[in-house]
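This report refers to the structure that appears directly beneath it.
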Amino acid sequence: MGNHLWHLVHLLALCIMSVSGKVFVSIDCGASGSFTDENTIVWKGDSDLISTGVTHVVQSNYSVSHVYDTLRAFTTPRKNCYSIEVEEGEKVLVRAGFNYGNYDQKSTPPNFDLHFDGNFWITVNASEFKVYEAIYVAKKKVISVCVAQSKPDEFPFISTLEVRSLDSQLYNKIGTNNALLLNSRFAYGSNETIRFPLDPYDRIWMSGFATFLVNLKNDASVINVDVPDNPPLAVLKNAIATPNTSQMINLGLWTLQYPIRQPVYINWYFSEVKELNSSEIRSFKVLKDRLPFSVPIVPRFGKVVEYFFSNLSVTIDTNFSLSPIGSSTLPPLINAGEFFSISDALSDGTNNNDVEGLTSLQNAFSVLKEWGGDPCLPAPYSWEWITCSNDSIPRVTSLNLSSFNLTGPLPDFSKMDALETIDLHNNSLTGPIPGFLGTLPNLKLLNLADNQFSGSVPRSLSRNSKLNLSYTGNPVLCTNGKSCPGSDKSKTPIILGVTIPSVFVLAIAVVLVIRHNRRKASVPSHSGDANNMANGLSSGLRGTKEVVVELKGNSEERFFSSPTPLLGEGQRGN
């Protein structure tokens with residue numbers, strides 16, 4: 001194909017990406033700025049995507065390509081993640097590259113774990129240059145790719161990260177709950193690697209140039225690639241074949257990066273390379289370990305036949321081969337192939353309410369932003385300051401944020417209703433203690449000690465007998481009767497000034513009523529004198545009679561006499 005035509009193909013691919021709004025992200029980890037490579041792919045540095053890690057340059061004699069000359073290494077925390085926004089439910093291709101390049105001059109390449117979206121991907125052995133690729137359906141609006149330390153003093157790193165959107169019909173032979181993990185992808189007969197812009201999805205097809213087989217060129221000027229997995233035209237322009245019909249093409253499993261317990265997914269693509277005359281027939285079948293494994297395959301000129309196997313168990317010794325059928329006059333050929341392992345079932349991730357609550361905490365406190373990826377998954381790599389349940393969709397049951405230098409008010413994380421423990425002591429948290437803490441149904445321990453909380457303790461907390469609550473060491477918090485600025489205690493004198501006179505008025509009224517009734521009920525005596533008055537007062541001082549006046553109506557109030565003797569008790573009327 002001429003350079004002009006290839007240029008048109010490239011422009012078309014760019015237009016497709018632009019119009020569709022698909023994700024096409026290329027991150028040169030550890031680099032600053034951006035550059036465009038020989039495939040017209042624009043690579044950008046990662047400084048605006050991650051705040052942890054240290055950038056390094058590989059030693060010159062370990063250079064693979066410009067994009068693999070830099071990396072980012074991580075000594076803390078244990079798990080470090082990149083997050084990329086995608087469309088929820090879209091199919092994505094995620095690719096991560098690693099070139100140790102003796103960047104630390106220790107000649108000790110580390111082993112560490114690679115994750116995506118809370119799922120274990122693979123243990124990276126960085127003793128040689130590695131690239132890993134996964135294809136799956138995103139379950140959320142953000143995907144994460146993480147490297148995690150699995151051994152002491154072996155620090156993870158990453159060189160490149162790529163995310164590409166794929167059309168939904170690609171690789172749809174498996175459900176949305178599993179990922180395809182690439183073992184190998186070959187363009188047989190090609191002497192160069194094929195990727196974007198020749199493949200608009202930027203799948204990387206390695207050269208499958210064969211030394212002991214015949215390398216063929218396809219004579220077709222146009223090839224219809226309308227098959228489910230849509231191979232690029234470039235991988236069908238070449239093929240390999242045996243020299244004659246007495247030989248087979250051996251397609252052994254040369255690369256098996258993932259555990260053999262995992263089933264595999266295999267695509268093979270066949271396109272006839274020339275117009276056949278009436279006497280020519282090319283027909284063959286797939287053998288597995290020398291036994292027939294497929295129906296007859298007859299490639300078509302100007303078209304492509306895709307043959308796939310899904311959910312097939314293999315071992316490292318499994319052998320596939322293409323063997324001619326007896327009536328075939330031409331040997332078998334193959335143009336391209338893809339070989340995947342099928343992952344275990346993908347996790348749905350940590351409960352969305354908990355993720356939302358943790359995000360609010362990270363937005364409020366910058367010191368927490370260095371933690372990324374799924375908070376709870378994979379289980380051995382949950383964030384250091386949380387504890388998670390073992391549910392299939394984990395819940396966050398504990399926040400352990402003591403001595404984290406948190407400053408400012410607490411944000412609302414009330415949706416985290418599985419919390420049992422919240423430890424926030426020894427920080428500099430300010431503002432009132434949020435009332436939502438008292439609404440968390442499973443909360444058993446709340447430690448707010450040694451902060452700068454103000455106001456009063458919400459009743460929903462102080463009256464919760466099932467809650468182990470600590471709030472000592474908050475000097476401006478109103479506790480244990482300490483007056484609060486602007487509290488109701490400052491109004492007490494006014495209230496007493498109004499209430500006490502009212503009580504005396506009522507008491508006097510009661511006395512007058514009783515005295516009046518007594519005068520009407522008895523004949524006044526004139527025998528009493530000062531002695532009688534004294535005796536009456538003395539008697540009153542020794543034991544005051546309690547007078548109860550019950551109000552009529554619906555009131556249930558009761559008024560009692562003053563402890564002083566009733567005025568005029570024992571006196572005769574004048």
Side-chain angles (χ1 to χ4, degrees), residues 1-2 5-6 8-10 12-13 16 166-173 185-192 194-210 213-242 245 248-249 251 265-287 292-310 320-340:
M1 184 179 290
L5 184 55
W6 282 129
L8 290 177
V9 171
H10 167 54
L12 177 60
I16 291 172
L166 301 180
D167 290 338
S168 59
Q169 82 275 6
L170 268 64
Y171 309 105
N172 61 0
K173 312 299 190 309
R185 182 185 286 117
F186 286 109
Y188 296 111
S190 174
N191 57 6
E192 61 182 2
I194 295 171
R195 62 178 304 180
F196 185 85
L198 302 181
D199 187 334
Y201 307 108
D202 195 30
R203 293 169 290 188
I204 298 177
W205 304 79
M206 303 301 294
S207 170
F209 201 79
L213 296 173
V214 178
N215 295 286
L216 306 173
K217 293 287 186 181
N218 199 323
D219 295 337
S221 57
V222 177
I223 302 175
N224 183 353
V225 294
D226 187 19
V227 291
D229 294 322
N230 197 15
L233 177 64
V235 304
L236 303 175
K237 296 296 290 181
N238 299 280
I240 57 173
T242 57
T245 57
M248 297 184 296
I249 298 178
L251 298 172
Y265 179 104
I266 300 175
N267 282 342
W268 285 312
Y269 303 96
F270 309 96
S271 180
E272 181 56 68
V273 295
K274 66 175 184 176
E275 287 273 17
L276 302 184
N277 59 42
S278 57
S279 63
E280 293 178 311
I281 299 174
R282 193 189 305 272
S283 179
F284 52 89
K285 57 188 173 184
V286 178
L287 304 181
F293 195 68
S294 76
V295 297
I297 298 172
V298 180
R300 301 299 183 187
F301 184 66
K303 296 182 179 181
V304 60
V305 174
E306 177 180 358
Y307 201 91
F308 75 94
F309 302 107
S310 180
F320 293 98
S321 54
L322 304 179
S323 177
I325 294 176
S327 60
S328 181
T329 62
L330 296 173
L333 63 73
I334 185 171
N335 303 77
E338 299 174 283
F339 173 36
F340 301 92

Practice item. Classify the angle between the aromatic ring planes of Phe309 and Phe320 as parallel (below 30°), tilted (30 to 60°) or perpendicular (above 60°). Key: parallel
Note to self: With side-chain contact (heavy atoms from CB on, under 4.5 Å) as the criterion, how do Asn238 and Leu216 come out once you've worked through the C-alpha distance, each side chain's angles and the decisive distance to 0.1 Å?
What the structure shows: CA-CA 6 Å; Asn238 299 280; Leu216 306 173; over 6 Å; no
| Taking Asn277 for the side chain and Glu280 for the main chain, is one N or O donor matched with an acceptor at less than 3.5 Å? | yes
*asked:* Using only atom types and a distance under 3.5 Å, with no angle test, would you say the side chain of Asp219 pairs donor to acceptor with the backbone of Lys274?
replied: no
Do [X] and [Y] have side-chain heavy atoms sitting under 4.5 Å apart?
| X | Y | result |
| --- | --- | --- |
| Leu276 | Phe301 | no |
| Gln169 | Pro228 | no |
| Val235 | Ser190 | no |
| Val227 | Phe308 | no |

Nearest 0.5 Å please: distance from the [atom1] atom of [X] over to the [atom2] atom of [Y].
| X | Y | atom1 | atom2 | result |
| --- | --- | --- | --- | --- |
| Ile281 | Thr245 | CD1 | OG1 | 12.0 Å |
| Glu338 | Arg203 | CD | CZ | 5.5 Å |
| Arg195 | Ile204 | CZ | CD1 | 4.0 Å |
| Ile223 | Tyr269 | CD1 | OH | 14.0 Å |
| Ile194 | Leu233 | CD1 | CG | 9.5 Å |
| Glu272 | Arg282 | CD | CZ | 4.0 Å |

[X] versus [Y], closest heavy-atom pair with distance:
| X | Y | answer |
| --- | --- | --- |
| Leu333 | Ser271 | CD1-O, 3.8 Å |
| Ile334 | Leu322 | CB-CD1, 3.9 Å |
| Leu198 | Pro232 | O-CB, 3.4 Å |
| Ala241 | Leu213 | O-CB, 3.4 Å |
| Tyr188 | Gly337 | CE1-N, 3.8 Å |
| Asn335 | Ala239 | ND2-CB, 3.5 Å |

Worksheet item: So, Tyr171 versus Asn267: side-chain donor-acceptor pair below 3.5 Å or not?
Response: no
| Has Lys173 got more than 12 heavy atoms of other residues, nucleotides or ligands less than 6.0 Å from its NZ? | yes
Salt bridge (charged side-chain N to carboxylate O under 4.0 Å, His left out) filter on Glu192, not counting sequence neighbours, yields none
Donor-acceptor contacts, no H, no angles, side chain residues 292-300, under 3.5 Å, sequence neighbours left out:
from	atom 1	to	atom 2	distance (Å)
Ser294	OG	Val286	N	2.8

